[in-house]
Amino acid sequence: GEGEIETASGGRHAVHTGDVFVLFPGEWHRFRPCFETGWNECWVGFDGDYARHLMQAFFPPQTPVLRGAATHDVSTLMTRIVKRYKDAAPQQTPLIDSDIIALITQLVLLSRSGLTAEQRTNQSKLAVARNWLLEHAFEPVEPARVCEAVGMGYSALRKAFKEETGYAPHEYVLEIRLNRAKALLMQTDMTVTQVAAQSGFSSVYYFTRFFTKRMGCAPGAWRAHRA
């Protein structure tokens, strides 16, 4: 189908079959399908420090429509995210995180068609690094293993990774573990010790200290506040 979208920053834009449009938090917007054709749509919403960093870096509100971005890979990722979200099982959380990051990466690459071959190679390597870290986030992560998977030295990888994500690789893993821990605290009856172990933290003491620093209260108090 087709239709149009209008936003505060970008004004009015036509939307055609195969396009993707991006909505930004706090940004006034409205959209509607064409009366004659209607349209089929699929939505994925997300938030978080890394997501906000990518959106601010690569998707200006002035151009909310990504022409032709609904490729087969993008459509497959969006459908899979929706299916996993509906499953609502705690073990799906890291898989959803991985798919959303892969989705944003695909859209970044599609929106940056003017990249040089070297820049595209680096983007691909960083995508491999992110996916590798997501897959292994709940295991002991050694820098040498990440570098081997990506084919970059650690100093170069760390610099490029932090420029794109806002996190060093180790910090990125901690964010993944924190998100997993919050999901387990909200959706299961596991003890704090069990949550720490299931989220990849080396000890409940380290987990509690890190969680308290990041969230402003201990895991048990955080869970009780949301009960």
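Ring-plane geometry between Phe201 and Phe207 is classed as tilted, the angle between the planes lying from 30 to 60 degrees on a 0 to 90 degree scale. The aromatic rings of Phe21 and Phe31 lie tilted to each other, with the angle between the two planes from 30° to 60°.
Here the closest heavy-atom approach between residue Thr212 and residue Ala218 is recorded as OG1-CA, 3.3 Å. Across every non-hydrogen atom of Val128 and Ala149, the tightest pair is CG1-O, 3.8 Å. Between Phe138 and Ser199, the shortest heavy-atom contact is CD2-O, 3.3 Å. Here the shortest heavy-atom pairing between Ala196 and Val204 reads CB-CA, 4.0 Å. Shortest non-hydrogen contact noted between Arg67 and Asp19 is NH1-OD2, 2.7 Å. Considering every non-hydrogen atom in both His13 and Gly11, the closest pair reads CD2-O, 3.6 Å.
Using a 4.5 Å cut-off on side-chain heavy atoms (C-beta onward), Arg130 and Leu133 make no contact. Looking only at side-chain heavy atoms (C-beta outward), Tyr167 and Ile176 stay at 4.5 Å or farther from each other. Using a 4.5 Å heavy-atom cutoff, the side chains of Lys162 and Tyr172 are not in contact. Residues Val15 and Trp39 are in side-chain contact: their nearest non-hydrogen atoms beyond the backbone lie under 4.5 Å apart. Between Leu157 and Leu126 the shortest side-chain heavy-atom distance falls below 4.5 Å. At least one side-chain heavy atom of Arg177 sits less than 4.5 Å from a side-chain heavy atom of Val173. In this structure, Leu66 and Phe59 have side chains that are in contact, with non-hydrogen atoms separated by less than 4.5 Å. Counting heavy atoms from C-beta outward, Arg30 and Glu4 have side chains that stay 4.5 Å or more apart.
With values rounded to the nearest 0.5 angstrom, Cys147 atom SG is found 7.5 Å from Tyr154 atom OH. One distance of note links NZ of Lys182 with CZ of Arg226; it measures 8.0 Å at 0.5 Å rounding. With rounding to the nearest 0.5 angstrom, the CE atom of Met190 is 10.5 Å from the CD atom of Gln187. Atom CG of Leu174 and atom CG of Asn179 lie 11.0 Å apart (nearest 0.5 Å). Between Leu107 atom CG and Met78 atom CE the span is 8.0 Å, to the nearest 0.5 Å. Summarising the geometry, atom CE belonging to Met186 is positioned 9.5 Å from atom CG belonging to Leu184; distances are rounded to the nearest 0.5 Å.
Linking Ile, Leu, Val, Met, Phe, Trp and Tyr residues whenever their side-chain heavy atoms come within less than 4.5 Å leaves Tyr205 and Val192 in two separate clusters. Using a 4.5 Å cut-off between side-chain heavy atoms of Ile, Leu, Val, Met, Phe, Trp and Tyr, with links allowed through other members, Val141 and Met152 fall into the same hydrophobic cluster. Hydrophobic clustering keeps Val20 apart from Leu23 (ILVMFWY residues linked when any side-chain heavy atoms are closer than 4.5 Å, directly or through intermediates).
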Exercise. Can Ile104 and Phe46 be said to form a side-chain contact (heavy atoms from CB on, under 4.5 Å), step by step?
Worked result: CA-CA 10 Å; Ile104 298 174; Phe46 49 84; 3.7 Å; yes
Item checked: Check against side-chain contact (heavy atoms from CB on, under 4.5 Å), Val44 and Tyr85 -> CA-CA 10 Å; Val44 172; Tyr85 178 78; over 6 Å; no
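Within 6.0 Å of atom CD in Glu148, 12 or fewer heavy atoms from other residues, nucleotides or ligands are found, so the atom counts as exposed in its surroundings.
Judged by distance alone, the side chain of Glu27 and the main-chain N or O of Ser9 form a donor-acceptor pair under 3.5 Å.
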